[in-house]
Amino acid sequence: MYIRDLNGCEGKEVMLQGWAANKRDSKGLVFLYLRDGTGMCQCVVALDVVGEEKFNAAKKLTLESSFSITGNVVKDEKQIGGFEIQATDINVISYAEEFPIAKKEHGVDFLMDHRHLWLRSQRQWAIMKIRNRIIFSIHQFFQEDGFVEMDAPIFTGNACEGTSNLFETDYYGDPAYLSQSGQLYGEAMAMAMGKIYTFGPTFRAEKSKTRRHLSEFWMIEPEMAFFDIFQNMDLIENFLRRVVSDVLRDCKNELEIIGRDISVLEQIVKPFPRLTYDEAVRIIKGEQDVNGQNSITSLEDELKTILARIEEVKNEIAEREEKIKTPNMKKGEIGFNQAKIDKLKQEQNDLEEQSRNIPQWLNSARNFEYGNDFGGSDETVITRLFDVPIMVYNWPHEVKAFYLKRDPENSRFARGVDVLAPEGYGEIVGGGERETDENLLREKITEHQLPMAAFEWYLDLRKFGSVPHAGFGLGLERIVTWICKLPHVRESIPFPRMYGRLLP
RNA sequence: UCCUCAAUAGCUCAGCUGGUUAGAGCGAGUGACUGUUAAUCACUAGGUCCCUGGUUCGAGUCCAGGUUGGGGAGCCA
């Protein structure tokens, strides 16, 4: 029996097993919060029902101890899940040692060191459930549309987009690299199957310490024969809409647990604006407004708001610190205020960090040089102005990957498209139409100083029935992070691998 | 690689311009309380103030170098 299935069992006796997520006791009564992976349920163990031996066993339960419990299901609207178990029997499976993660704020480093235990907390549980729903949605979307899932190799002999950022391993005495992208293999497979998608791990040795980067992440790369960039954009739009609507429909509870404002996600039914690179640059530089909003002035306003909020927070901290000092204050009230102060201090730190970053972003937006690729801050600056993802296409070909098709109407541009998630998130999808001209590809490979020999097989695809084709790649963790509005990608994957972290 | 912020109890943080014996809350332990949802009460046990060197009569506090971590740039999904 699982907590998820309690609905309809009112008045019946059931047996549940799980872990103690929380406990409170008083004389003759123990309240246990049971967590079983499907939900949470409060169980009440009463001395006069279960007898002294069982009662003492329940009373001794520590946080995260495992136990099974038998009892009657009682409806209680006040409880999470709406039910309560009134125990008739309890059996302890294993007493837990003192659980390191307490019911309070913790620092990031501490939580990451205890990731294997942190995953049990409600918020992490909700995120992982949403991640699972997104993964399922991705497969459903492509499978229902006739795509064939393909597994690209993880050991590769060639670098797809340059040799930096690769993890090198020893492959029977020769260097091999961990895959950075399955795309080139996807193109080969698309020529065999028509429409394919890869779903696998990707490795980038980027010494990045930002909220957007992982060294190991999961990437989905569809590739479609006979698609141009515009059909590609249509597909991306339908795809993202599908994923978001599935999550909205099936993960209401999880979204509520993490406090996601779903009204923003509900906007995703609207069409995604499609901007050319030229337009996007004008918006970033503040030369063109969006819905009456200007990138530069709105960011300046944001900075002012943040600075004002810092003052507010400081005042509240001072107020509460003063309050704690008043004589005869109840111990519990002191603790409550202390917890509030800790939280406010955390907020103050975050705000101060932002207030240091925003001037740099403003500077970089004002001085954006036409022809460059967008940086992380440029993406933030432009996507703050939108409430749906935007698609930026037709990039200067110099800044994009070698395999992107040159725009037939203007050879300065390549037919790449980046999808930038709203609310300041930035890039979640990168893709485009592929170059079909073998000679142009050879030129580009030389230009990028890539070893031609490693790409001969890829160039073969242009010799044997070459067709227009397009595709895109999306980072699973970035989608999860955006949909959940997480402050950092590290919470979007069970065991993040990033610069400086390999354990647990 | 660069910029920037930080490191004090198991955890989250105080510790002012250097000055006796290092502070709080949470958590833990013991006891009291029959309906709690991080707000009951009392008591108890917890410290190599990240490391190395320097300045000083005196360093948790100041300086230099290092280590580790946070955020950002570059690079990217």
Side-chain angles (χ1 to χ4, degrees), chain A residues 21-33 40 42 44 46-48 62-63 76 78-80 84 86 97-114 161-162 164-165 180-181 202 204-214 217-221 317 321 324-325 329-346 349-350 352-354 356-361 363-364 373-377 379-380 399 401 418-421 425-431 472-479 481-482 487-490 499-501:
Chain A
N22 205 348
K23 185 188 83 172
R24 280 171 292 278
D25 57 28
S26 55
K27 190 172 187 181
L29 274 181
V30 176
F31 299 92
L32 292 169
Y33 235 45
M40 293 263 216
Q42 174 168 278
V44 187
L47 172 62
D48 51 15
T62 46
L63 234 53
D76 185 348
K78 282 187 304 186
Q79 303 301 335
I80 289 182
E84 174 179 278
Q86 294 186 342
E97 291 178 19
E98 187 187 332
F99 200 65
I101 299 176
K103 293 174 288 179
K104 58 171 296 187
E105 298 288 311
H106 286 286
V108 178
D109 198 33
F110 177 81
L111 288 171
M112 287 307 305
D113 281 343
H114 296 86
E161 305 180 32
S164 58
N165 307 338
Q180 217 180 17
S181 162
T202 301
R204 306 243 170 123
E206 290 161 352
K207 289 185 179 174
S208 298
K209 291 174 84 166
T210 82
R211 56 185 68 213
R212 298 187 306 281
H213 287 89
L214 292 168
F217 62 97
W218 289 73
M219 191 149 74
I220 296 95
E221 294 178 288
I317 290 172
E321 276 176 343
I324 284 179
K325 286 182 199 149
M329 173 162 282
K330 273 194 193 165
K331 219 166 168 252
E333 208 166 339
I334 293 175
F336 178 72
N337 277 294
Q338 190 62 51
K340 275 271 193 277
I341 289 170
D342 287 354
K343 213 167 211 171
L344 287 166
K345 285 214 165 117
Q346 187 56 51
N349 277 340
D350 289 349
E352 280 173 353
E353 220 148 49
Q354 284 185 54
R356 279 192 295 268
N357 286 331
I358 288 179
Q360 292 176 35
W361 295 352
N363 197 41
S364 136
D373 204 350
F374 294 172
S377 67
E379 290 174 0
T380 303
V399 299
D418 279 4
V419 180
L420 310 180
Y425 260 102
E427 186 168 359
I428 51 174
V429 172
F472 60 93
L474 80 136
L476 176 63
E477 286 74 21
R478 287 216 178 151
I479 298 271
T481 303
W482 163 57
H488 196 297
V489 265
R490 66 180 153 233
Y499 184 53
R501 168 143 331 252

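Reminder, nothing fancy here: chain letters follow the sequence lines and each chain counts from 1.
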In terms of side-chain heavy atoms of [X], which of [options] is nearest?
{"X": "S208(A)", "options": "G35(B), G74(B), A77(B)", "result": "G74(B)"}
{"X": "K345(A)", "options": "G70(B), A77(B), C13(B)", "result": "C13(B)"}
{"X": "N165(A)", "options": "A77(B), C75(B), G71(B)", "result": "C75(B)"}
{"X": "H106(A)", "options": "G70(B), G72(B), C11(B)", "result": "C11(B)"}
{"X": "F31(A)", "options": "A24(B), G27(B), G35(B)", "result": "G35(B)"}
{"X": "F110(A)", "options": "G74(B), C11(B), C76(B)", "result": "C11(B)"}
{"X": "H488(A)", "options": "A28(B), C75(B), G71(B)", "result": "G71(B)"}

Give me the distance, rounded to whole Å, that separates [N] from [M] when you measure between the [atom1] atoms they each carry.
{"N": "G29(B)", "M": "G19(B)", "atom1": "C1'", "result": "36 Å"}
{"N": "G47(B)", "M": "G10(B)", "atom1": "C1'", "result": "12 Å"}
{"N": "G71(B)", "M": "G65(B)", "atom1": "P", "result": "25 Å"}
{"N": "U8(B)", "M": "U48(B)", "atom1": "C1'", "result": "12 Å"}
{"N": "U52(B)", "M": "U68(B)", "atom1": "C1'", "result": "15 Å"}
{"N": "C50(B)", "M": "A22(B)", "atom1": "P", "result": "15 Å"}
{"N": "C57(B)", "M": "G18(B)", "atom1": "C1'", "result": "12 Å"}
{"N": "C41(B)", "M": "G60(B)", "atom1": "C1'", "result": "34 Å"}

| Residues which pass side-chain hydrogen bond (donor to acceptor under 3.5 Å, both in side chains) with N337(A), listed by chain and number, not counting sequence neighbours |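 By the side-chain hydrogen bond (donor to acceptor under 3.5 Å, both in side chains) rule, N337(A) matches R320(A).
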| query | Does D373(A) have any side-chain hydrogen bond (donor to acceptor under 3.5 Å, both in side chains) partners at least two apart in sequence or in another chain, and if so, which? | reply |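 Expected list: none.
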What is the distance, rounded to the nearest whole Å, between atom [atom1] of [X] and atom [atom2] of [N]?
{"X": "K207(A)", "N": "C76(B)", "atom1": "NZ", "atom2": "P", "value": "17 Å"}
{"X": "I334(A)", "N": "A24(B)", "atom1": "CD1", "atom2": "P", "value": "11 Å"}
{"X": "E98(A)", "N": "C11(B)", "atom1": "CD", "atom2": "P", "value": "10 Å"}
{"X": "L29(A)", "N": "C33(B)", "atom1": "CG", "atom2": "P", "value": "13 Å"}
{"X": "F217(A)", "N": "C75(B)", "atom1": "CZ", "atom2": "P", "value": "16 Å"}
{"X": "L47(A)", "N": "A32(B)", "atom1": "CG", "atom2": "P", "value": "13 Å"}
{"X": "K209(A)", "N": "G74(B)", "atom1": "NZ", "atom2": "P", "value": "17 Å"}
{"X": "F472(A)", "N": "A77(B)", "atom1": "CZ", "atom2": "P", "value": "13 Å"}

Residues that [X] engages under side chain to side chain contact (heavy atoms under 4.5 Å, CB included), provided they are two or more places apart:
{"X": "R490(A)", "result": "V108(A), M112(A), H488(A), P496(A), M498(A)"}
{"X": "I334(A)", "result": "I324(A), M329(A)"}
{"X": "K209(A)", "result": "Y499(A)"}
{"X": "F110(A)", "result": "P100(A), I101(A), H106(A), H114(A)"}

How is [X] classified with respect to the nucleic acid when contacts are heavy atoms under 4.0 Å: base, sugar-phosphate, or nothing?
{"X": "D109(A)", "value": "sugar-phosphate"}
{"X": "E97(A)", "value": "nothing"}
{"X": "V489(A)", "value": "nothing"}
{"X": "D373(A)", "value": "sugar-phosphate"}
{"X": "I479(A)", "value": "nothing"}
{"X": "R211(A)", "value": "sugar-phosphate"}
{"X": "G426(A)", "value": "nothing"}
{"X": "S364(A)", "value": "nothing"}
{"X": "W361(A)", "value": "sugar-phosphate"}

Main chain of [Y], side chain of [X]: is a donor-acceptor contact present, judged purely on distance under 3.5 Å?
{"X": "R478(A)", "Y": "R212(A)", "value": "yes"}
{"X": "E379(A)", "Y": "Y425(A)", "value": "no"}
{"X": "R211(A)", "Y": "P487(A)", "value": "yes"}
{"X": "S208(A)", "Y": "T210(A)", "value": "no"}

| task | Mind checking the CG-CE spacing from L474(A) to M219(A)? Nearest 0.5 Å is all I need. | result |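 Answer for the CG-CE pair, L474(A) versus M219(A), is 8.5 Å.
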| Dot-bracket encoding per residue of RNA chain B, Watson-Crick/G-U cut-off under 3.5 Å, | denoting interstrand | (((((((..((((.....[...)))).(((((.......))))).....(((((..]....))))))))))))....
| 5' priority, RNA chain B, between L63(A) and F374(A) [closest heavy atom] |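 Closest to the 5' end, via its nearest nucleotide, is L63(A).
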| request: Quick one: classify the glycosidic conformation of G46(B) as syn or anti, with syn meaning within 90° of 0. | output: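 With its glycosidic angle within 90° of zero, G46(B) counts as syn.
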| Is the base of G35(B) touched by the side chain of E84(A) through a donor-acceptor pair closer than 3.5 angstrom? |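 A donor-acceptor contact between them is present.
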| query | Does a nitrogen or oxygen in the side chain of R490(A) sit under 4.0 Å from OP1 or OP2 of G69(B)? | reply |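 Checking G69(B) against R490(A), no side-chain N or O comes under 4.0 Å of OP1 or OP2.
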| With the sugar-phosphate defined as primed atoms, P, OP1 and OP2, and the base as all remaining atoms, what B/S/- string results for nucleotides 37-51 of chain B, 5' to 3', for protein heavy atoms under 4.0 Å? | BBB-SS---------
| What pairs with R501(A) under salt bridge (charged side-chain N to carboxylate O under 4.0 Å, His left out), at least two apart in sequence or on another chain? |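 Expected list: D109(A), D113(A).
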| field | With K207(A) via salt bridge (charged side-chain N to carboxylate O under 4.0 Å, His left out) - residues at least two apart | value |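 K207(A) satisfies salt bridge (charged side-chain N to carboxylate O under 4.0 Å, His left out) with no residue once adjacent residues are dropped.
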| field | With F217(A) via ring-ring contact (aromatic ring centres under 6.0 Å, His included) - residues at least two apart | value |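 With neighbours one apart ignored, the set is empty.
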When you compare the protein's N or O atoms with those of nucleotides 3-9 of chain B, which come within less than 3.5 Å of each other, and at what distance?
from	atom 1	to	atom 2	distance (Å)
U4(B)	O2'	R356(A)	NE	3.4

| query | Got more than 12 heavy atoms from elsewhere within 6.0 Å of NZ, K343(A)? | reply |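 Count not over threshold, so no.
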